[in-house]
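Both backbone and side-chain heavy atoms feed into the values below; hydrogens, waters and symmetry mates do not.
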Amino acid sequence: MSSIIKVTDTEFGTEVEQATTPVLAYFWASWCGPCRLVSPYIDWAASEYGDRLKVLKLEVDPNPESVKKCGVEGVPAIRVFKDGAIVESFEGAITKQALATLIDAHL
């Protein structure tokens, strides 16, 4: 079992580049209603897949560099990285089952 790592622009690159497992990065905002719906699924993913997947959580407003670098245009947003490169992008609300399918495709 693993926990979510809350990161800022300062740590984001290092956390992704030095990861030995795939990374799921969750981009969110406090004012975002759909983010409140998706957040429990991100917690679930960290718990369920934490031994095989690193889960990062990044608030978009105070961290514009990572948002721009990852091409995030709306929240909630998910990026999956392998070997430091984005291999999957998803924006908008996602169901728990769809999130599991997305993760399973990259493990």
Any heavy-atom pair between the side chains of Glu88 and Leu102 that's under 4.5 Å?
yes
Side-chain touch Ile78/Ile42, heavy atoms, less than 4.5 angstrom:
yes
Could you give the distance from [atom1] ([X]) to [atom2] ([Y]), rounded to the nearest 0.5 Å?
| X | Y | atom1 | atom2 | result |
| --- | --- | --- | --- | --- |
| Trp28 | Lys6 | CH2 | NZ | 7.0 Å |
| Cys32 | Glu59 | SG | CD | 10.5 Å |
| Arg52 | Asp104 | CZ | CG | 7.0 Å |
| Lys54 | Thr21 | NZ | OG1 | 6.5 Å |
| Phe12 | Glu65 | CZ | CD | 11.5 Å |
| Thr101 | His106 | OG1 | NE2 | 11.0 Å |

Which heavy atom in [X] sits nearest to a heavy atom in [Y], and how many Å separate them?
| X | Y | answer |
| --- | --- | --- |
| Pro76 | Ala93 | CG-N, 4.0 Å |
| Asp9 | Pro62 | OD2-O, 4.4 Å |
| Ala45 | Ile103 | CB-CD1, 3.7 Å |
| Gly84 | Val16 | CA-CG1, 3.9 Å |
| Glu15 | Ile5 | OE1-CD1, 4.0 Å |

For a side-chain contact (heavy atoms from CB on, under 4.5 Å) check, start with the C-alpha distance between Phe27 and Leu58, then their side-chain angles and the critical distance, and finish with the verdict.
CA-CA 5 Å; Phe27 296 83; Leu58 183 98; 3.2 Å; yes
Starting from [Y], can I reach [X] by hopping between I/L/V/M/F/W/Y residues whose side chains sit under 4.5 Å apart?
| X | Y | answer |
| --- | --- | --- |
| Ile86 | Val67 | yes |
| Ile94 | Leu107 | yes |
| Tyr41 | Leu24 | yes |
| Phe90 | Val60 | no |

Would you mind listing every salt bridge (charged side-chain N to carboxylate O under 4.0 Å, His left out) that reaches into residues 27-42, with sequence neighbours excluded?
none
Ignoring hydrogens and angles, state whether a donor on the side chain of Glu11 or Thr8 is under 3.5 Å from an acceptor on the partner side chain.
yes
I would like to know whether Val38 and Leu99 meet side-chain contact (heavy atoms from CB on, under 4.5 Å); could you show each step before the answer?
CA-CA 9 Å; Val38 172; Leu99 179 60; 5.9 Å; no
Tell me whether the rings of Tyr49 and Trp44 are parallel (<30°), tilted (30 to 60°) or perpendicular (>60°).
perpendicular
Derivation and outcome, side-chain contact (heavy atoms from CB on, under 4.5 Å), residues Val72 and Glu91:
CA-CA 8 Å; Val72 173; Glu91 294 192 11; 4.3 Å; yes
Is Asp61 atom CG crowded by more than 12 heavy atoms from other residues, nucleotides or ligands, each under 6.0 Å away?
yes
Step by step, would you call Asp43 with Ile4 a side-chain contact (heavy atoms from CB on, under 4.5 Å)?
CA-CA 7 Å; Asp43 295 338; Ile4 295 174; 2.9 Å; yes
Sub-3.5 Å donor-acceptor pair from the side chain of Arg79 to the main-chain atoms of Cys70, do we have one?
yes
